[in-house]
Amino acid sequence: MATQDNVENSNLDRMSANLERVETLSQRLVQALSARTPATPELNGPSQDIFVKAAGSYWKSLVENPGKVYEQQLEYWGKSVRHFIEAQQSIAQGAPVPTENGEDDPLQGDKRFSNPLWNTHPYFSYIKHQYALNKQAIEQAVQEADNLEAKDRQRLQYFATQIIDMMSPTNFLGTNPDALEKAVATEGESLVKGLENLVADLEANNGEMVVRLCDEEAFELGKNVAVTEGEVIYRNKMMELIQYTPTTKQVHKTPVIIFPPWINKFYILDLKQENSLIKWITDQGYTLFVVSWINPDASYSDVSMDDYIEEGYLTAIREAKAITGEKQVNAVGYCIAGTTLHLTLALLAKRGDKSIKSATFFTALTDFSEQGEFVPFLQDDFVDGIEKEVSEKGVLRSFIMGRTMSFLRSNDLIYSPAIRSYMMGETPPAFDLLYWNGDGANLPGNMTMQYLRDLCQKNAFVTDGMKVCGETVHIKDVTVPIMAITCETDHIARWKDCYRGFLQTGSKDRTFIVSESGHIAGIVNPPSKKKYGFYANKDLPDTADEWLAGAKEHEGSWWPTWEAWLKKRSGAMVAARMPGDSEHPALAPAPGTYVRKRASI
């Protein structure tokens with residue numbers, strides 16, 4: 001009896017302690033939310049026009065073919081009622097709910113529903129299969145919406161999918177068996193820990209619910225990520241220019257400059273030594289410079305594409321030439337920096353400047369006539385909302401861009417991490433790629449609107465030409481030798497879209513490669529891993545499908561193939577160059593100071 005009393009007292013003590021923690025956390029939660037400065041409302045959802053059009057389409061169908069509409073509704077109602085009756089019987093018998101007419105599990109293979117209780121427990125089985133019915137009904141209604149333009153249909157499908165994913169029973173504690181089981185097993189400790197994780201995320205992001213994807217305490221720049229040796233040898237308001245320490249006695253005469261995207265930080269190319277493209281390039285015998293962009297605040301609101309080109313690209317090229325004594329450089333541009341490298345090449349051609357000997361593009365778009373998965377966000381309602389946001393804040397805040405990217409893969413990048421952190425009380429993993437992914441950057445307001453209006457919406461660079469730095473430039477002005485590396489499953493810069501723009505350049509020396517995997521893994525693909533292969537085709541037919549049909553598949557990384565191409569355009573070997581010179585003293589060791597500035601929300 002005494003033992004039972006001791007157990008009960010112990011349980012009561014734990015419960016009292018947890019309640020005290022919940023009370024303290026609740027106060028912190030309110031304080032964190034009070035600090036929130038939300039994005040303009042226009043960025044939280046589409047214009048109502050899309051739903052008005054969908055409703056109009058539905059009403060038109062009802063008038064023209066009422067029998068079909070009623071049939072669909074009655075079918076859904078009938079399935080739901082039968083399913084409810086079957087659930088009542090199953091619960092009474094303690095057996096799982098049978099699937100509709102004995103059909104296969106409609107959510108089979110969906111990892112959200114991997115817990116056996118979804119199939120063996122009558123309660124969870126009923127919830128799961130009713131969710132599947134609801135999902136199918138919404139998808140069918142969207143699919144059969146008539147009289148919608150292609151872009152409106154794509155947007156309707158996207159936002160309907162967001163609603164379906166958001167309403168998944170796994171996203172709610174009362175209908176998530178994994179979270180409930182853990183809460184019972186830990187006597188509620190997991191829920192308290194989850195609340196602690198939620199409050200910590202809110203506090204770290206000024207009241208915005210940005211789910212932490214990794215254990216940020218596990219990484220430190222210059223210690224276990226971004227550790228390749230080098231020095232910052234030049235700095236201005238736009239960037240730091242890093243020259244990396246050579247690892248070979250001799251290097252090629254022509255230096256290489258990498259321009260990474262300024263949406264994120266450059267060290268995606270230098271996460272760790274085993275997969276660092278930066279280290280690998282230096283190991284192949286090249287003098288390597290890398291631009292580290294400033295993480296802008298509101299004082300950069302007027303910064304334009306011209307500033308990135310003049311004070312970023314052209315300045316980096318000038319300083320690299322001065323340090324090495326060479327007349328030309330080989331340039332690399334990744335993502336938006338690859339798009340801007342195209343603009344820079346066209347500008348230099350207009351000016352008669354031959355400073356760039358060759359150019360390589362990683363997942364770089366130039367023709368935006370097809371916008372892929374970004375169609376929902378590149379229409380006027382959202383772009384107008386962004387314009388309002390940047391006019392008020394001066395910048396497009398990093399969390400807005402990150403949120404947009406995450407909603408393209410909401411189950412993997414929002415809901416699943418939130419469930420693990422807030423319901424299960426788990427500590428995020430120590431994963432360097434996710435650490436980098438969470439270390440985003442703001443975008444200057446002026447530059448953001450130029451990019452969205454002129455490139456994405458007007459598609460000016462491949463149509464009428466785009467005005468940069470006092471010149472109207474066109475993709476046909478790009479004439480230097482070029483190589484494009486694209487990625488097979490890239491949902492940000494689809495390889496077929498990259499190919500379409502690539503064909504429109506004026507270059508006669510052109511090479512196109514498709515790496516397996518996506519926007520990051522397809523690029524950060526070291527030869528030592530032998531994980532992903534690539535496709536190559538010396539011919540450049542008119543369509544991407546024809547190119548792929550004639551392409552040869554190669555095992556292993558594309559890096560050595562690119563290096564063999566680069567070597568032919570890099571000159572003879574000379575004595576290795578240490579970073580800087582008398583005019584360019586070392587300002588800070590790599591990875592520099594600009595990269596350490598975190599984006600504020």
Side-chain angles (χ1 to χ4, degrees), residues 109 111 213-214 225 258 260-261 263-281 332-339 360-365 370-374 402 404-414 416-417 429 431-440 483-502 511-537 544-545 547-566:
K111 59 186 179 182
L213 298 179
C214 86
V225 290
I258 296 179
I263 294 173
N264 291 96
K265 306 291 182 64
F266 81 89
Y267 64 90
I268 184 60
L269 301 176
D270 190 32
L271 285 178
K272 51 191 174 186
Q273 296 291 276
E274 308 92 84
N275 64 0
S276 170
L277 179 59
I278 287 174
K279 183 179 187 303
W280 188 85
I281 292 172
V332 180
Y334 192 171
C335 192
I336 187 176
T339 304
T360 304
F361 306 97
F362 298 164
T363 65
L365 290 166
E370 294 182 26
Q371 299 162 343
E373 294 187 40
F374 286 92
T404 301
M405 296 292 188
S406 294
F407 269 112
L408 294 176
R409 297 290 183 270
S410 57
N411 282 327
D412 292 331
L413 297 177
I414 297 177
S416 292
F431 187 14
D432 54 2
L433 178 60
L434 293 178
Y435 174 77
W436 167 85
N437 187 69
D439 189 11
M483 176 182 275
I485 313 297
T486 61
C487 299
E488 186 177 20
T489 59
D490 192 339
H491 66 285
I492 295 173
R494 298 185 303 180
W495 79 265
K496 292 183 179 182
D497 296 335
C498 294
Y499 184 77
R500 188 175 60 251
F502 181 79
T511 303
F512 191 84
I513 284 177
V514 176
S515 173
E516 291 178 339
S517 196
H519 192 72
I520 301 300
I523 298 299
V524 184
N525 180 26
S528 59
K529 295 288 185 181
K530 298 181 181 179
K531 190 171 185 181
Y532 302 116
F534 66 96
Y535 300 88
N537 186 349
D545 288 333
W547 182 92
L548 185 60
K552 181 180 178 181
E553 185 175 2
H554 299 264
E555 292 185 358
S557 172
W558 55 266
W559 291 9
T561 299
W562 170 61
E563 194 275 326
W565 178 89
L566 186 66

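Small disclaimer: the values here were computed from a predicted structure and weren't measured.
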* **W495/D490 under side-chain contact (heavy atoms from CB on, under 4.5 Å): CA gap, chis, key distance, verdict** => CA-CA 7 Å; W495 79 265; D490 192 339; 5.9 Å; no

* Under the side-chain contact (heavy atoms from CB on, under 4.5 Å) rule, what do D270 and L277 come out as? Steps first, then yes or no, please. => CA-CA 6 Å; D270 190 32; L277 179 59; over 6 Å; no

* Asked: Passes side-chain contact (heavy atoms from CB on, under 4.5 Å), L548 versus V514? Steps please.
  -> CA-CA 9 Å; L548 185 60; V514 176; 5.7 Å; no

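For the pair E488/Y535, a side-chain contact is recorded, criterion being any heavy-atom separation below 4.5 Å from C-beta on. In this structure, M483 and W558 have side chains that are not in contact, with every pair of non-hydrogen atoms separated by 4.5 Å or more. Looking at heavy atoms from C-beta onward, E373 lies in side-chain contact with R409 at the 4.5 angstrom threshold. By the 4.5 Å heavy-atom criterion applied to side chains, H554 and T561 are not counted as neighbours. Using a 4.5 Å cut-off on side-chain heavy atoms (C-beta onward), N525 and E516 make no contact. With a 4.5 Å cut-off on side-chain heavy atoms, F512 and N537 do not count as touching. Using a 4.5 Å heavy-atom cutoff, the side chains of I268 and N264 are not in contact. Two residues are said to be in side-chain contact when any heavy atoms from C-beta on lie closer than 4.5 Å; C498 and F361 fail this criterion.
Among all heavy-atom pairs drawn from L365 and R494, the shortest one is CD2-O, 4.3 Å. For V524 against N275, the heavy-atom pair with the smallest separation is CG1-O, 3.4 Å. Looking at every heavy atom in both residues, S276 comes nearest to L269 through OG-O, 3.3 Å. Residues M405 and F374 share a closest heavy-atom pair of SD-CZ, 3.7 Å. Looking at every heavy atom in both residues, P260 comes nearest to A337 through O-CB, 3.2 Å.
Judged purely by atom type and a 3.5 angstrom limit, W559 uses its side chain to pair as donor or acceptor with the backbone of I523. Panel note: side chain T489, backbone S517; a donor-acceptor pair is recorded below 3.5 Å. Distance alone, capped at 3.5 Å, places no donor-acceptor pair between the T339 side chain and the A364 backbone.
The distance between the ring centers of F431 and W436 does not fall below 6.0 angstrom.
In this structure, C487 SG and I513 CD1 are separated by 11.0 Å, a value rounded to the nearest 0.5 Å. Here T486 contributes atom OG1 and H519 contributes atom NE2; the two are 11.5 Å apart, rounded to the nearest 0.5 Å. To the nearest 0.5 Å, atoms CD1 (I485) and OH (Y334) are separated by 11.5 Å. Between the CZ atom in F534 and the CD atom in E553 there is a gap of 10.0 Å [rounded to 0.5 Å]. Here T360 contributes atom OG1 and I258 contributes atom CD1; the two are 9.5 Å apart, rounded to the nearest 0.5 Å. Here the straight-line distance linking atom SG of C335 with atom CD1 of I263 works out to 5.0 Å at 0.5 Å rounding.
Using the six-membered ring where Trp is involved, Y499 and W547 have ring planes that are tilted, between 30° and 60° apart. Relative ring orientation between Y267 and Y435 is described as tilted, the plane-to-plane angle lying within the 30° to 60° band.
The side-chain hydrogen bond (donor to acceptor under 3.5 Å, both in side chains) test applied to K496 returns D545, not counting sequence neighbours. Shown here are the side chain to side chain contact (heavy atoms under 4.5 Å, CB included) partners of L566, two or more places apart in sequence or in another chain: V256, Y286, N330, S358, W562, S570. E370 meets the side-chain hydrogen bond (donor to acceptor under 3.5 Å, both in side chains) test with no other residue; sequence neighbours excluded.
The existence of a salt bridge linking K531 and E555 is excluded, since no basic side-chain nitrogen approaches an acidic carboxylate oxygen closer than 4.0 Å. Using a cut-off of 4.0 Å between Lys/Arg side-chain N and Asp/Glu carboxylate O, K272 and D432 are scored as salt-bridged.
N411 and S416 form no side-chain donor-acceptor contact under 3.5 Å, judged by distance and modelled atom types alone.
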